[in-house]
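Dumping the structure here so I can ask a few things about it.
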Amino acid sequence: PFYLHLQPNNPTMQYQFKEIEAYWQKKWANEGTYRVSENPDKEKFYVLDMFPYPSGAGLHVGHPLGYIASDIIARYKVHQGYEVLHPMGYDSFGLPAEQYAIQTGQHPAITTEENIARYRTQLERMGFNYDWEREVRTSDPSYYRWTQWIFQEIYNSWFNVETKRAEPISDLEAAFAENGSYGVNAAIDADWYKALDLKDFHFGEYFIGEFTSTDWQLLNAAQRSEILSHYRLAFLADTWVNWCPALGTVLANDEIKDGVSERGGHPVEQRLMKQWSLRITAYADRLIEGLEGLDWPDSIKEIQRNWIGKSRGATVRFQVEKHQAYIDVFTTRPDTIFGVTFMVLAPEHALVSQITTTDQQQAIEAYIARAKARTERERQSEVKHVSGAFTGAYAAHPFSGERLPIWIGDYVLAGYGTGAIMAVPAGDQRDWSFAHAFDLSIVNIFDGQDISKGAYAEKTGKLAKSGFLNGLEVAEATEEVIRELELKRIGYGKTNYRLRDAIFSRQRYWGEPIPVYYEGGQTHLIDQKDLPLTLPKIDSYLPTDSGEPPLARAAKSDWPLFKGEAMEHSTMPGWAGSSWYFLRYMDPKNTREMVAADKVHYWGAVDLYMGGAEHATGHLLYSRFWTKFLCDRGFIPFEEPFQKMINQGMILGRSSLVHRLELASYLVPGVPDGAELPSPRNFPVVYVTKEIYEDWAKDGKLNLHKFAVEQRLETLLHELLGKDHNMNLSNAEWEYSFTRLHVDVNMVRNDELDLAAFAKWRTENADAVIITNEDGVYKCSHEIEKMSKRWFNVVTPDDLCEEYGADTLRLYEMFLGPVEQSKPWDTQGISGVHNFLKRFWRLCHPGDGEFSINRTEPTPKELFILHRTIKRVTEDLDRFSWNTVVSTLMIAVNDLTTEKSSNAQVLEGLLVLTSPYAPHFAEELWKKLGHSDSITREAWPTYDEKHLEEANFEYPVSFNGKTRFKLSLSVEMGAKEVEAAVMALADTAKYLEGKDPKKIIVVPKRIVNIVF
RNA sequence: GCCCGGAUGGUGAAAUCGGUAGACACGCAGGACUUAAAAUCCUGUGGCCUCGCGGCUGUGUGGGUUCAAGUCCCACUCCGGGUACCA
């Protein structure tokens, strides 16, 4: 009929994003549009996203923020002619799948597989240009075979302090055989010289073992292997570890937040356990220095520097009185040595039991027992509380010989430095407080400083009462004292790090087995040709009754590969697989090598790494460590994995909360004691609106809506009492308590709760009473917090793809603001970008919606719009300003709409600019414009300044800095001419108020400012 | 406590080299089309004063440098992140 032709939105001609996106996703997959391979004719670009842990909750809208940003850069670089590696995979070993397995008995591999399938579907729907042929999974044996292989290579290496590099352990063995330990300067276990009971005191930063080649030849294989084990970069050692009883495993420092486990929030305690560790401390210096050349956010670099915590100072030896023992301490202030009045050992210090006198034994033991019983959290919360005990022993001051009482105290940490300190109460606030608490002497070694109220910790001023250091400044004194210590052989200058060696054992099931077995008291590696060492079958994923890791449940026959007398029972930490995954993407199917040399040479380091800042001290540090190691050993040609990094912000969820009122007690006046009233517990739960809750929160009373609520309660009381009572309830006094409950955001819009959905959702409260406003609306309150299943505030990209399409979602997430910024998710503005695509679509479907374009030469105006857009989009993408590109594209479409322009040449250029953001949309119109090839590899347009030149510039004319009017003048005019033109105006004379101008500033093509 | 960031309309934000503050959107208000709704389009929209022309004011606070400051310098307030008996 007639009216159908008039319908401006003939539905078949509208922007049909669903069909378009489904069509192109299928076509891209079928045609392998996004496959990449090494292409020596092209320059490479490597864009990487931090791969996700495939959790059961699936992706929420926060995940794709970084993925979209990196996808846009990847597509942009393809248009520019680069060969772009942009892969995706899964960090698929981890705790949640294991805990689910503990609860249900389902093998974690099955859970993981299901979750990955869901992630894959979600990711594909967003139209990313990943080369899916390169997908990796850390839990796949063909992948972790190489994780195990790297571990073995680390085990087979030592760190040469002279060359500052990891070298094969076989080289060290050869050196020992030839020259003994002479000339070997290695990073080794800090306390090893004590373990070997070598009495000599050694100088320099590291222990240099002292044996000759003859000594070495005389050792048997077991002895040699024992010595070598202390040099290896992967070693077994008794270590103070963070033990989490609830998780049944040790945790690394970066897996703990505020004294509790990061995952689950369980308490953590200190335990001495034999653990595999990796000698990351050997790389501490290189990890700091390497930051220099990286294009990373300053905050991340700073976090890493602080985490490594390099400090320069000295080690000083104190002789213990009446014992053949000494205490080594580390101090950053050796210049304050004459201020030492006592010493403090960590309660766990090995010397404590040896030197404690009989009188003090009881006090010391009680103190140690108390310290042990406290969890890490308790200890941290009592930080300001001073505690300690006296051992009864004394040490001698190395210069004055004065007697220094030796105390223990938990403000001295066993794991840092040597676990002992020289206390200088004059210069350190903690020592000062300790001295005051236990009435120990204080010597003021600072000239003219008052220390009666607190220690003087500044690093300025002159020393006094300090023997040969008197009158010296801090820097001079430090140098002087170190010289003296080294001369007397009682100390040496030393650099200390806060960074600890990385504990590598986890008492868990769902991780890479450490490819090691034991036989004859010796550690052996599983033969590399037999790798991977896969996980054994076990009957339960819990630790054994005796507290052994789950793998200890496996019988010999349960292991796919069993060697020697016993297998290693711990698995690798979560960060093992993620420390090198970026290498595997280059060559994911290689069965002979971790990565082929030609491939790793071609692709090199990651050029752009997108991910969250929360990995600053974990993943980002460990993968730098492994990369440096692999580079040292010649497996890869670069030592920093990620050249440029951008941290996308977190997209926060908007949680909705309902307020649940519970009756605490109530009183009906006039009711005699002992009369039967229903218990408050028998009242149904009452849900009240935000307003009622806020009102109550102010003063604990229900004012505004008192009537509504209390009348309701009265009615309920009547019902509970039955018809026959004759009590007067109108003066009843009610006492309440409130709880706030998270409810599913999907049943809340603009803070208004969908009552029907809510009733259905919380079935257990079927008899609950819901009090609404007069107009029947229930208002929730909300809170902005991390998106999480447990807060019911997760918004998935699937819903938005369904409603608006992936292209709109992609544009919208970029349009929200700078990617680095965290922001709450809010769909309010999504119609803006969706309209942009619809308007763009209408440019080529004008009038009645038929596709129609103009193939004539573009007008100057059209060329201006196009070239201005090319310039801005290119410049913005080059500085990773994703959000402003969207505005620029919108402006172009708005301007072309105003011009009623549908010029093919202009549209084509604009489509290439748009395609990184809205790839399906761009492909579709590209095809309609008559192209049979995908737009993907179309060359990025370049702009020509000649189209941007404008004849005139509109000068803002200011008087004393205030803009008064505008004047359009030719851009050809110089400063003098512009000045003349402005001064000739009547308006100028008006604003000058008859005064003479003092100064006239003319910046051509910018501004005119007249000062008078 | 210490170390990093940040603060711009009702909202998300833009302003790249010190040069027209608020681009682009959302929201809101008004209008067109429609029986109506949706969709679409047009107009206005930092605040205050004014019928209007226009004026004053305005980028967390206070000061400074400059012809000119959101941008640079100093001091402070608040918010976010990191870290904490690290000797």
Side-chain angles (χ1 to χ4, degrees), chain A residues 7-9 14 257-258 297-307 309 311 313 329-334 336 344 379-380 382-387 409-413 415-424 427-431 433-434 457 496-500 613-614 616-617 647 649-650 811-812 815-818 820-824 826-833 835-836 838-839 842 872 875-876 878-879 881 883-891 894 897 954-966 997-1003 1005-1012:
Chain A
Q7 281 286 342
N9 294 313
Q14 268 180 345
K257 282 254 142 74
D258 304 320
D298 288 336
S299 60
I300 300 286
K301 292 193 191 181
E302 202 53 34
I303 289 170
Q304 290 210 345
R305 276 190 208 103
N306 291 340
W307 188 261
S311 54
V329 301
F330 172 74
T331 175
T332 53
R333 294 292 303 276
T336 63
V344 187
R379 206 184 56 78
Q380 281 189 14
E382 291 171 19
V383 153
K384 289 286 161 284
H385 181 76
V386 179
S387 72
D410 66 1
Y411 82 98
V412 177
L413 306 176
Y416 182 75
T418 61
I421 60 152
M422 58 177 221
V424 183
D428 185 288
Q429 189 53 46
R430 294 156 304 180
D431 297 345
S433 307
F434 198 84
N496 221 23
Y497 299 92
R498 204 187 81 108
L499 184 72
R500 317 283 176 82
E614 67 273 19
T617 53
N647 299 122
M650 210 188 312
L811 279 161
Y812 184 57
F815 189 62
L816 279 174
E820 296 89 338
Q821 234 159 71
S822 288
K823 50 221 149 198
D826 179 8
T827 45
Q828 288 261 307
I830 202 164
S831 62
V833 288
N835 278 344
F836 157 70
K838 288 200 278 188
R839 285 163 69 105
R842 278 201 301 275
R872 287 191 191 163
E875 286 173 357
D876 285 358
D878 284 340
R879 66 188 175 99
S881 175
N883 55 328
T884 51
V885 172
V886 184
S887 314
T888 305
L889 293 171
M890 284 176 169
I891 292 168
N894 289 349
T897 303
E954 194 167 58
Y955 282 91
V957 181
S958 306
F959 292 81
N960 287 340
K962 278 181 193 159
T963 309
R964 293 299 178 178
F965 60 85
K966 286 168 191 170
K998 279 191 201 136
K999 196 171 182 182
I1000 301 169
I1001 291 110
V1002 178
V1003 185
K1005 288 169 86 174
R1006 277 228 192 264
I1007 200 167
V1008 176
N1009 191 11
I1010 299 166
V1011 187
F1012 65 95

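Just so it is clear: chains get the letters A, B, ... in the order the sequence lines come, proteins before strands, and each one is counted from 1.
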Of the candidates B:U16, B:U40, B:C85, the side chain of A:Lys838 sits closest to B:U40
- Sugar-phosphate only, base, or nothing, as touched by A:Val412 at under 4.0 Å among non-hydrogen atoms: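 If one applies the 4.0 Å heavy-atom cut-off, A:Val412 turns out to touch a base.
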Given B:C3, B:G27, B:C86, identify the nucleotide with an atom nearest to the side chain of A:Glu302.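 Of the options given, the side chain of A:Glu302 lies nearest B:C3.
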Quick one: which of B:G27, B:C86, B:A13 gets closest to the side chain of A:Ser831?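 Of the options given, the side chain of A:Ser831 lies nearest B:G27.
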*asked:* A:Arg333: which residues meet the salt bridge (charged side-chain N to carboxylate O under 4.0 Å, His left out) condition with it, sequence neighbours left out?
replied: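 Counting only residues at least two positions away or on another chain, A:Arg333 forms a salt bridge (charged side-chain N to carboxylate O under 4.0 Å, His left out) with A:Asp335.
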Between B:G47 and B:U59, how far apart are the C1' atoms? Round to whole Å, please. 13 Å
### Query
B:U83 C1' sits how many Å from A:Leu499 CG, rounded?
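Rounded to the whole Å, the gap is 15 Å.
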Any base atoms under 4.0 Å from A:Lys962, or only sugar-phosphate, or nothing? Heavy atoms, all strands. sugar-phosphate
Write down the distance between CG (A:Asp428) and C1' (B:C86), rounded to a whole number of angstrom.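 It is 11 Å, rounded to the nearest whole Å.
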(Q) Measuring only the P atom in each nucleotide, how far is B:C73 from B:C78? A whole number of Å is fine. (A)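 Taking atom P in both B:C73 and B:C78, they lie 22 Å apart.
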If every non-hydrogen atom of A:Asn960 is compared with every non-hydrogen atom of A:Asn1009, which pair is closest and at what distance?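 Looking at all heavy atoms of both residues, the shortest contact is N-OD1, 3.7 Å.
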For B:G80, the nucleotide meeting Watson-Crick or G-U wobble distances (both under 3.5 Å) is B:C4
Rounded to whole angstroms, how far apart are CG on A:Asn835 and C1' on B:G27?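 From A:Asn835 CG to B:G27 C1': 14 Å.
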For B:C41 versus B:A25, give the span between their P atoms, rounded off to a whole number of Å.
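The same atom, P, in both gives a distance of 11 Å.
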Between A:Ile303 and A:Gly829, whichever has its closest RNA chain B nucleotide further toward 5' is A:Gly829
* To do: Measure from the side chain of A:Leu413, starting at C-beta and using heavy atoms only, and say which of B:C26, B:A87, B:A25 lies closest.
  =>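 For A:Leu413, the side-chain atoms sit closest to B:A87.
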Those residues at least two apart in sequence (or on a different chain) that pass side chain to side chain donor-acceptor pair (under 3.5 Å) with A:Asn647 are none
By salt bridge (charged side-chain N to carboxylate O under 4.0 Å, His left out), A:Glu614 pairs with (sequence neighbours left out) none
Test item: A:Tyr497 side-chain N/O and A:Ser311 main-chain N/O as donor-acceptor pair under 3.5 Å
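It does not hold such a pair.
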Remember a base hit wins even if backbone is also touched, and classify A:Arg839 as base, sugar-phosphate or nothing at under 4.0 Å, heavy atoms.
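Sugar-phosphate only.
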Residues at least two apart in sequence or cross-chain that pass side chain to side chain donor-acceptor pair (under 3.5 Å) with A:Asp878, listed by chain then number, are A:Tyr76
Exercise. State, to 0.1 Å, how close A:Val344 and A:Val412 come at their nearest heavy-atom pair, and which atoms those are.
Key: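 The pair with the smallest heavy-atom distance is CG1-CG2, 3.6 Å.
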| query | Say you draw a straight line from CG of A:Asp298 to CD1 of A:Ile303; how long is it, rounded to the nearest 0.5 Å? | reply |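 Here the interatomic distance stands at 11.0 Å.
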- In whole Å, what separates the P atom of B:G80 from that of B:G12?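 The same atom, P, in both gives a distance of 16 Å.
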Between B:A87, B:C3, B:A25, which nucleotide has the shortest distance from any of its atoms to the side chain of A:Ile421?
->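 Ranking B:A87, B:C3, B:A25 by closest atom to the A:Ile421 side chain puts B:A87 first.
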Note to self: Say we look at B:C26 and B:U45: how far apart would their C1' atoms be, to the nearest angstrom?
What the structure shows: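 About 13 Å, rounded to a whole number of Å.
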| message | Measuring only the C1' atom in each nucleotide, how far is B:G52 from B:A13? A whole number of Å is fine. | response |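 Roughly 33 Å separates the two C1' atoms.
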With the side chain defined as heavy atoms from C-beta on, A:Ile891 is closest, among B:A23, B:C86, B:U16, to B:A23
Its glycosidic angle compared against 90° from 0, B:G9 adopts the form syn
Looking only at side-chain N and O atoms, does A:Asn894 come under 4.0 Å of OP1 or OP2 in B:A25? yes
Practice problem: Could you give the distance separating B:A23 and B:U8 at their P atoms, to the nearest angstrom? | Solution: 16 Å
Nearest heavy-atom contact between A:Pro956 and A:Arg1006 is CD-O, 3.3 Å
Looking only at B:A15, B:U20, B:C24, the nucleotide nearest the A:Ser887 side chain is B:C24
Check: Roughly how far apart, to the nearest Å, are B:C74 and B:A21 at atom C1'?
Finding: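 Between the two C1' atoms, the distance is 24 Å.
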Query raised in the report: Any side-chain N or O of A:Asn883 under 4.0 Å from OP1/OP2 of B:A14?
Result: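 It does, given that an N or O in the side chain of A:Asn883 lies less than 4.0 Å from OP1 or OP2 of B:A14.
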What does the list of N/O pairs under 3.5 Å between the protein and nucleotides 64-68 of chain B look like, with a distance for each?
| from | atom 1 | to | atom 2 | distance (Å) |
| --- | --- | --- | --- | --- |
| B:C67 | O2' | A:Asn1009 | ND2 | 3.2 |
| B:C67 | O2 | A:Asn1009 | ND2 | 3.0 |

With syn defined as a glycosidic angle within 90 degrees of 0 and anti as anything else, the base of B:C48 is anti
For B:C41, take OP1 and OP2 only and decide whether either is under 4.0 Å from a side-chain N or O of A:Arg842.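 Indeed, a polar side-chain atom of A:Arg842 lies that close.
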- Indicate, with a heavy-atom threshold strictly under 4.0 Å, whether A:Pro818 touches base, sugar-phosphate, or nothing.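 Sugar-phosphate only.
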Regarding the side chain of A:Trp307, the nearest nucleotide among B:A23, B:U83, B:A14 is B:U83
Applying side chain to side chain donor-acceptor pair (under 3.5 Å) to A:Asn894 and not counting sequence neighbours gives A:Arg839
Heavy-atom nearest nucleotide on RNA chain B taken for A:Asn306 and for A:Arg1006; more 5' hit belongs to A:Asn306
The side chain to side chain contact (heavy atoms under 4.5 Å, CB included) partners of A:Arg430 (sequence neighbours excluded) come to A:Tyr411, A:Asp428
Next item on the list: Take the protein atom NZ of A:Lys966 and the nucleotide atom P of B:G19, then report the distance between them rounded to whole Å.
Entry: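 These atoms are roughly 16 Å apart.
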Selected nucleotide, minimal atom distance to A:Arg964 side chain, candidates B:A21, B:G55, B:C86 =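 Closest nucleotide to the A:Arg964 side chain: B:G55.
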Any strand, both distances under 3.5 Å, Watson-Crick or G-U wobble: B:C56 pairs with B:G47
Between N or O atoms, less than 3.5 Å apart, protein on one side and nucleotides 8-12 of chain B on the other: list the pairs.
| from | atom 1 | to | atom 2 | distance (Å) |
| --- | --- | --- | --- | --- |
| B:G12 | O2' | A:Leu816 | O | 2.4 |

Suppose we screen for side chain to side chain donor-acceptor pair (under 3.5 Å). Which residues come up paired with A:Arg305, at least two apart in sequence or across chains?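 Counting only residues at least two positions away or on another chain, A:Arg305 forms a side chain to side chain donor-acceptor pair (under 3.5 Å) with A:Glu302.
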